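Structure first, commentary second.
Computed from a predicted structure; not experimentally measured.
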Amino acid sequence: MRRFRLDLIRIALGGICLLLFADMDSHALESADSKAVAIVSKKWRQYKEALDALSEVMTSELSMSVEVVYLNSEQYRNSDVLVDRFSGRDDISVFIAVGPEAAYFLWKDLANHEGKKFYTMVRNPEKVLLETGSACGVPLNIPADKQVKIIHRAFPSFRRIGLICNPEYNAAILQSAVEAGKVSGIEIVPIEVKDRKEIKVALQRNWSTIDGLWMIQDRTVTDETKQIAYIIKDALKNGVPVIGYHSYFYKKGAALCYLFDYRDIGLQTGRLVVDVLRGADCVNNVPVYRVWYNVKVLEALGISYNREVFDEERIGPGP
């Protein structure tokens with residue numbers, strides 16, 4: 001009996017040791033010797049806001065220092081120099097790409113480095129990364145179905161929403177929006193243009209048949225602020241509210257805008273990195289976003305809207 005009890009004690013102690021070793025392994029990346037490297041595309045304000053926030057999370061949660069490298073700096077114009085800088089270094093456990101150019105470099109030129117790789121502040125990562133199966137990060141895209149649902153709930157009387165874009169760049173988003181519209185009971189009307197010269201004529205053909213105009217990031221349509229301002233002005237003249245994606249749209253008279261707070265995205269990215277390093281699976285992430293509605297424009301156009309939607313968190317009147 002005594003020997004049996006001793007055996008039980010040994011088994012119990014062995015189990016405790018295994019748990020302790022497992023716990024130590026799950027937090028191995030949190031050691032002071034482990035570093036994170038943030039590769040940043042450019043010295044842009046929005047990138048810095050996201051970088052500062054994610055660095056705060058990494059430092060506070062993991063006590064992990066973040067080494068920052070700007071891809072467009074004179075020192076690293078030659079990518080081979082940057083590759084050499086990280087070759088053979090085993091103190092780096094994490095790489096975080098901030099911006100599309102940095103993400104492309106990380107997945108292409110540092111593909112063989114053993115450090116875990118993350119990205120943030122990247123629009124349409126599937127077009128930037130060489131492979132997305134194992135890619136983990138926070139894209140700069142709000143899924144079309146989520147946007148359509150908010151439009152439908154905010155403006156329940158809308159039946160036809162024009163979506164202007166060049167299908168060469170945004171065919172996938174256009175298709176997703178059309179499918180999401182069918183689910184929500186809204187017809188998404190494609191207003192396809194292949195050249196800026198076609199925009200005015202294409203809109204004139206559709207003003208009388210649509211309840212709203214949805215504008216997304218598009219090289220042909222929204223690359224120039226003057227063109228955005230012109231389209232919004234023309235829409236208002238024709239009594240059509242515009243749905244945009246930046247505070248500039250709001251300032252120029254858009255009725256509804258989706259916006260990103262880059263610090264919030266940085267915090268979201270930092271928490272994602274921490275969770276994954278602690279053993280969590282990386283799932284598809286929707287970036288944190290806000291929605292502004294323009295009361296003055298809506299009232300001027302006589303557009304009725306669902307006030308209950310606009311009372312929800314992160315959805316409210318703009319400044």
Side-chain angles (χ1 to χ4, degrees), residues 41-51 53 98-101 120-125 127-128 138-151 154-155 161-166 169-170 173-174 176-177 188 191 193 196 199 203 212-236 240-269 285-298 301 303 305 309-310 312-319:
S41 293
K42 301 173 182 177
K43 292 184 178 180
W44 283 359
R45 174 189 56 80
Q46 56 265 46
Y47 289 161
K48 188 177 186 307
E49 288 180 11
L51 176 63
V98 183
E101 298 85 0
T120 189
M121 299 290 287
V122 178
R123 182 173 176 265
N124 298 331
K127 295 182 179 180
V128 176
V138 180
L140 210 55
N141 301 84
I142 306 169
D145 62 325
K146 290 187 176 294
Q147 296 190 57
V148 169
K149 285 179 182 177
I150 289 178
I151 294 171
F155 307 113
I161 304 293
L163 176 54
I164 184 168
C165 68
N166 185 336
Y169 306 125
N170 283 303
I173 296 175
L174 180 58
S176 296
I188 302 298
I191 303 177
V193 293
R196 290 174 183 173
I199 293 175
L203 288 173
L213 178 67
W214 184 7
M215 299 177 69
I216 61 176
Q217 285 184 299
D218 187 278
R219 295 182 196 176
T220 302
V221 180
T222 60
D223 251 16
E224 294 184 359
T225 54
K226 288 183 179 179
Q227 188 162 268
I228 293 171
Y230 163 76
I231 293 173
I232 295 175
K233 183 178 180 180
D234 200 27
L236 293 175
V240 177
V242 171
I243 298 149
Y245 60 85
H246 191 276
S247 59
Y248 181 78
F249 287 79
Y250 179 89
K251 293 173 184 176
K252 291 300 177 181
L256 191 74
C257 289
Y258 298 90
L259 306 102
F260 294 117
D261 183 306
Y262 302 117
R263 176 173 172 78
D264 283 350
I265 290 178
L267 293 173
Q268 181 183 10
T269 304
N285 287 275
V286 175
V288 177
Y289 64 92
R290 293 175 180 163
V291 181
W292 284 355
Y293 64 94
N294 197 321
V295 176
K296 291 182 180 179
V297 170
L298 290 170
L301 293 177
I303 303 294
Y305 56 93
V309 173
F310 295 142
E312 294 178 9
E313 185 181 5
R314 295 188 176 275
I315 302 178

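By the ring-ring contact (aromatic ring centres under 6.0 Å, His included) test, Tyr250 is found to be paired with Trp292, residues two or more places apart in sequence or in another chain being considered.
Nearest approach of Leu259 to Cys257, heavy atoms of both residues: CD1-O, 3.5 Å. Shown here for Asn285 and Pro139, the closest heavy-atom pair between the two residues is O-CD, 3.2 Å. Nearest heavy-atom pair, Tyr47 versus Lys42, reported as atom, atom and distance to 0.1 Å: CD1-O, 3.3 Å. Nearest heavy-atom pair across Pro287 and Ile265 is CB-CD1, 4.2 Å. The minimum heavy-atom distance linking Gln227 with Val221 is given by the pair NE2-O, 2.6 Å. What you find for Ile188 and Leu163 is that their closest heavy atoms are CG2-CB, 3.9 Å.
Ring-plane geometry between Tyr245 and Phe249 is classed as tilted, the angle between the planes lying from 30 to 60 degrees on a 0 to 90 degree scale.
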Go through Val288 and Arg314 one step at a time and tell me if the side chain to side chain contact (heavy atoms under 4.5 Å, CB included) criterion holds. CA-CA 9 Å; Val288 177; Arg314 295 188 176 275; 3.2 Å; yes

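Environment of CZ in Arg219: sparse, with no more than 12 heavy atoms of neighbouring residues, nucleotides or ligands closer than 6.0 Å.
Under a 3.5 Å cut-off, the side chain of Thr220 and the backbone N or O of Cys165 do not form any donor-acceptor pair. Judged purely by atom type and a 3.5 angstrom limit, Gln268 has no side-chain atom pairing as donor or acceptor with the backbone of Val138. A donor-acceptor contact shorter than 3.5 Å links the side chain of Tyr248 to the backbone of Thr225.
With rounding to the nearest 0.5 angstrom, the CG atom of Asn166 is 13.5 Å from the CD1 atom of Ile191. From Leu203, atom CG reaches atom OH of Tyr230 across 7.0 Å, with rounding to the nearest 0.5 Å. Note that the NZ atom of Lys146 and the OG atom of Ser176 stand 13.5 Å from one another [nearest 0.5 Å]. Expressed to the nearest 0.5 Å, how far OH of Tyr305 lies from CG of Asn294 amounts to 10.0 Å. Separation of atoms CD1 (Ile164) and CG (Asn170) is listed at 11.5 Å; rounding is to 0.5 Å. Once rounded to the nearest 0.5 Å, the distance linking CD1 of Ile216 with OG1 of Thr222 reads 8.0 Å.
Contact of the Ser41 side chain with the Pro100 side chain is registered, since non-hydrogen atoms from C-beta on lie closer than 4.5 Å. Within the 4.5 Å cutoff, side-chain heavy atoms of Tyr258 are placed close to those of Ile151. A 4.5 Å side-chain heavy-atom check between Ile231 and Leu213 finds at least one atom pair inside the cut-off. The shortest distance between side-chain heavy atoms of Phe260 and Gln46 does not fall below 4.5 Å. Considering only heavy atoms from C-beta on, Gln217 stays 4.5 Å or farther from Ile173 through its side chain. Contact of the Phe155 side chain with the Leu298 side chain is registered, since non-hydrogen atoms from C-beta on lie closer than 4.5 Å.
With Val297 as reference, Leu236 is the one residue of Leu256, Leu236, Ile232, Ile303 to meet the side-chain contact (heavy atoms from CB on, under 4.5 Å) rule.
Listed by first then second residue, pairs satisfying salt bridge (Lys or Arg N to Asp or Glu O under 4.0 Å) with a partner in residues 240-261 read Asp261-Arg290, not counting sequence neighbours. Residue pairs meeting the salt bridge (Lys or Arg N to Asp or Glu O under 4.0 Å) criterion with at least one partner in residues 224-234, sequence neighbours excluded, are Arg196-Glu224.
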